[in-house]
Amino acid sequence: MPELPEVETVALSLRPRLTGRTVRTLRVYDPLLRRSTFPRLGGRRIVHVGRSGKRVLIGFSARSAGDGPLWLAVHLRMTGRLIWAADGNRDSRAHLRARIRLDRGTLSFFDTRRFGTFEWYREADAAGPAGIDPLSPGLGEDALARLLRGSRQNVKAWLLRQDRLVGLGNIYASEILYAAAVSPAREAGSLDRRERRRLLEAIRRVLRRAIGNNGTTLSDFRNAHGESGSNQHYLRVYGREGQPCPRCATTVLREVQQQRSTYYCPACQH
DNA sequence: CTCGGAGCCTGTCTGC
DNA sequence: TGCAGACAGGCTCCGA
């Protein structure tokens with residue numbers, strides 16, 4: 001489910017509910033989540049709600065002297081949801097994995113497939129991903145050219161890596177390559193200057209539009225209030241195998257690369 | 001470095 | 001209706 005636009009949507013919808021709140025209790029219900037050690041959260045105040053790559057980043061104040069601030073990075077993976085409720089007791093408890101009770105409201109983590117993770121850090125920097133955020137000023141034409149240089153990987157797989165650019169996943173990789181008119185099978189390092197420019201513009205355009213539409217909901221994705229996004233109505237190729245390309249009416253194809261589906265137009269992507 | 005495959009989990013959908 | 005198999009938006013690990 002969640003790629004950069006969905007995680008951004010979750011963070012934006014959580015921020016006004018969580019910022020400034022004080023934690024009462026943290027409870028963890030799923031033994032899989034317990035592989036991470038859980039710190040004492042009671043009494044800490046939430047001072048930051050944001051996004052780091054594909055993870056929701058929540059900053060907590062120090063608890064007392066000598067006990068510094070804490071950062072929680074939640075990775076939603078495929079089916080994770082962070083849901084805020086004024087009264088958490090009224091939620092269904094199906095797939096409830098963890099719950100943070102606040103002085104006002106409750107933050108619940110639901111995760112059907114249980115791939116989601118909680119990671120705790122002492123410093124925000126430690127929670128930062130290795131790659132560049134594609135919407136940050138750090139990604140310009142020069143930076144993109146440097147990252148791509150020499151890579152023999154196909155460009156679809158390259159976009160999915162999180163060690164160079166963070167935040168792209170299977171849906172937006174297909175959509176971006178379509179918007180850039182670049183074939184997913186191309187060697188990443190082989191893109192020329194014009195193609196790199198189109199790729200950069202496509203990355204920005206596709207991601208910003210998806211954020212503006214509150215993310216793509218194919219089935220599981222929800223924001224902090226349980227609401228679906230609407231960007232699925234704007235997908236051009238993803239999930240549209242056999243349908244006509246919106247640009248040239250050629251039939252959209254699906255191909256498996258690195259065990260993931262890639263959707264593309266064989267006529268207008270080169 | 002890259003690739004393919006298995007694996008982590010659960011639910012849904014398809015076809016026989 | 002029942003059941004097996006394929007598939008799903010994430011990522012990691014292993015061996016070649």
Side-chain angles (χ1 to χ4, degrees), chain A residues 1-10 29-36 51-57 73-82 92-98 109-119 127 129-131 134 146-178 184-190 206-207 209-211 213-223 228-242 254-264:
Chain A
M1 121 212 228
E3 307 180 32
L4 185 154
E6 289 71 39
V7 180
E8 183 77 13
T9 298
V10 171
Y29 302 100
D30 185 348
L32 277 182
L33 271 185
R34 288 179 194 282
R35 289 186 298 201
S36 154
R51 176 183 63 80
S52 170
K54 289 183 189 173
R55 297 173 303 175
V56 176
L57 191 60
V74 179
H75 202 314
L76 305 172
R77 297 292 183 106
M78 301 286 260
T79 53
R81 294 181 184 178
L82 283 172
S92 156
R93 294 180 70 90
H95 306 125
L96 176 64
R97 307 301 179 198
F109 179 61
F110 297 93
D111 187 9
T112 307
R113 285 176 72 180
R114 304 168 74 204
F115 288 160
T117 56
F118 278 26
E119 298 160 39
R146 262 198 310 280
L147 293 174
L148 286 165
R149 187 172 302 147
S151 173
R152 306 196 55 192
Q153 198 164 23
N154 70 61
V155 66
K156 160 71 176 346
W158 190 91
L159 287 173
L160 294 182
R161 303 172 53 147
Q162 303 297 303
D163 58 338
R164 294 181 177 162
L165 292 185
V166 285
L168 303 182
N170 209 40
I171 295 177
Y172 295 113
S174 281
E175 292 295 310
I176 285 165
L177 290 170
Y178 175 78
R186 284 284 300 282
E187 224 173 65
S190 77
V206 167
L207 294 181
R209 183 178 59 204
I211 291 171
N213 289 327
N214 302 308
T216 297
T217 298
L218 295 184
S219 58
D220 296 286
F221 171 66
R222 298 292 186 278
N223 71 7
S228 299
S230 61
N231 196 62
Q232 61 277 14
H233 303 304
Y234 301 87
L235 299 178
R236 303 277 202 261
V237 286
Y238 187 87
R240 302 179 62 85
E241 180 184 20
R254 181 179 84 99
E255 213 160 89
V256 175
Q257 294 177 290
Q258 281 72 44
Q259 301 172 274
R260 320 287 310 275
S261 292
T262 302
Y263 297 87
Y264 67 103

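Per chain, numbering begins at 1; letters A, B, ... match sequence-line order. What you are looking at is a predicted structure, and each value in this text was computed from that prediction instead of being measured.
Side-chain contact check for Leu218(A) versus Ile171(A): some heavy-atom pair is nearer than 4.5 Å. With a 4.5 Å cut-off on side-chain heavy atoms, Tyr263(A) and Arg240(A) do not count as touching. Counting only heavy atoms from C-beta outward, the side chains of Glu175(A) and Val237(A) approach each other to under 4.5 Å.
With centres under 5.5 Å and a plane angle under 30° as the test, the ring of Phe115(A) is not stacked against the base of dC11(C).
Using a 4.0 Å cut-off, some side-chain N or O of Arg114(A) falls inside it from OP1 or OP2 of dT10(B). The phosphate of dC1(B) has neither OP1 nor OP2 within less than 4.0 Å of any side-chain N or O from Gln153(A). Listed pair Gln258(A) / dG4(B) meets the phosphate criterion, a side-chain N or O lying under 4.0 Å from OP1 or OP2. For Thr117(A) and dC8(B), the shortest distance from a side-chain N or O to OP1 or OP2 is not below 4.0 Å. OP1 or OP2 of dG10(C) has not a single side-chain nitrogen or oxygen of His75(A) nearer than 4.0 Å.
A straight line from CG of Leu33(A) to P of dC8(B) spans 17 Å, rounded to a whole angstrom. For the pair Phe109(A) CZ and dG10(C) C1', the interatomic distance rounds to 12 Å; values are reported in whole Å. As a whole-Å value, the separation of Leu96(A) CG from dT10(B) P is 15 Å. If you measure from atom CG of Leu165(A) to atom P of dG10(C), you get 15 Å, rounded to the nearest angstrom. Straight-line distance from the NE2 atom of His95(A) to the P atom of dT10(B): 8 Å, rounded to whole Å. Here dC3(B) presents its C1' atom at 15 Å from CZ of Arg260(A), a figure rounded to the nearest Å. Distance Arg161(A) CZ to dT2(B) P: 5 Å, rounded to the nearest Å. The distance from atom CZ of Arg77(A) to atom C1' of dC9(B) is 11 Å, rounded to the nearest whole Å.
Checking Thr79(A) against Arg113(A) by side-chain atom types alone, no donor-acceptor pair falls below 3.5 Å.
Straight-line distance between the P atoms of dA6(B) and dG5(C): roughly 15 Å, to the nearest whole Å. Remark: the separation of the P atoms in dG5(B) and dA6(C) is 14 Å, to the nearest Å.
Relative to the side chain of Arg254(A), the nucleotides dC7(C), dG10(C), dC9(B) differ in distance, and dC7(C) lies closest. Considering only the side chain of Asn154(A), dC3(B) comes nearest among dC9(B), dC11(C), dC3(B).
Annotation for Met78(A) and Pro2(A): closest pair O-CD, 4.1 Å, computed over non-hydrogen atoms. Nearest heavy-atom pair, Asn170(A) versus Ser261(A), reported as atom, atom and distance to 0.1 Å: ND2-O, 3.0 Å.
Residue contacts shown for Tyr238(A) are limited to sugar-phosphate atoms, with no base heavy atom under 4.0 Å away. Ser261(A) comes within contact range of the sugar-phosphate backbone alone, with a heavy-atom separation under 4.0 Å but no base atom that close. Among the heavy atoms of the strands lying under 4.0 Å from Gln259(A) is at least one base atom, whether or not backbone atoms are also near. Using a 4.0 Å heavy-atom cutoff across all strands shown, Arg97(A) reaches no nucleic acid atom at all.
Exactly one of Asn214(A), Asn213(A), Thr217(A), Thr9(A) qualifies for a side-chain hydrogen bond (donor to acceptor under 3.5 Å, both in side chains) with Asn231(A). That residue is Asn213(A). When each of Tyr172(A), Tyr238(A), Tyr234(A) is checked for a side-chain hydrogen bond (donor to acceptor under 3.5 Å, both in side chains) with Thr216(A), only Tyr172(A) meets the rule.
When base pairs are accepted only as Watson-Crick or G-U wobble with both N-N or N-O distances under 3.5 Å, DNA chain B takes part in stems of 3 or more pairs at B:2-8 with C:10-16, B:10-16 with C:2-8.
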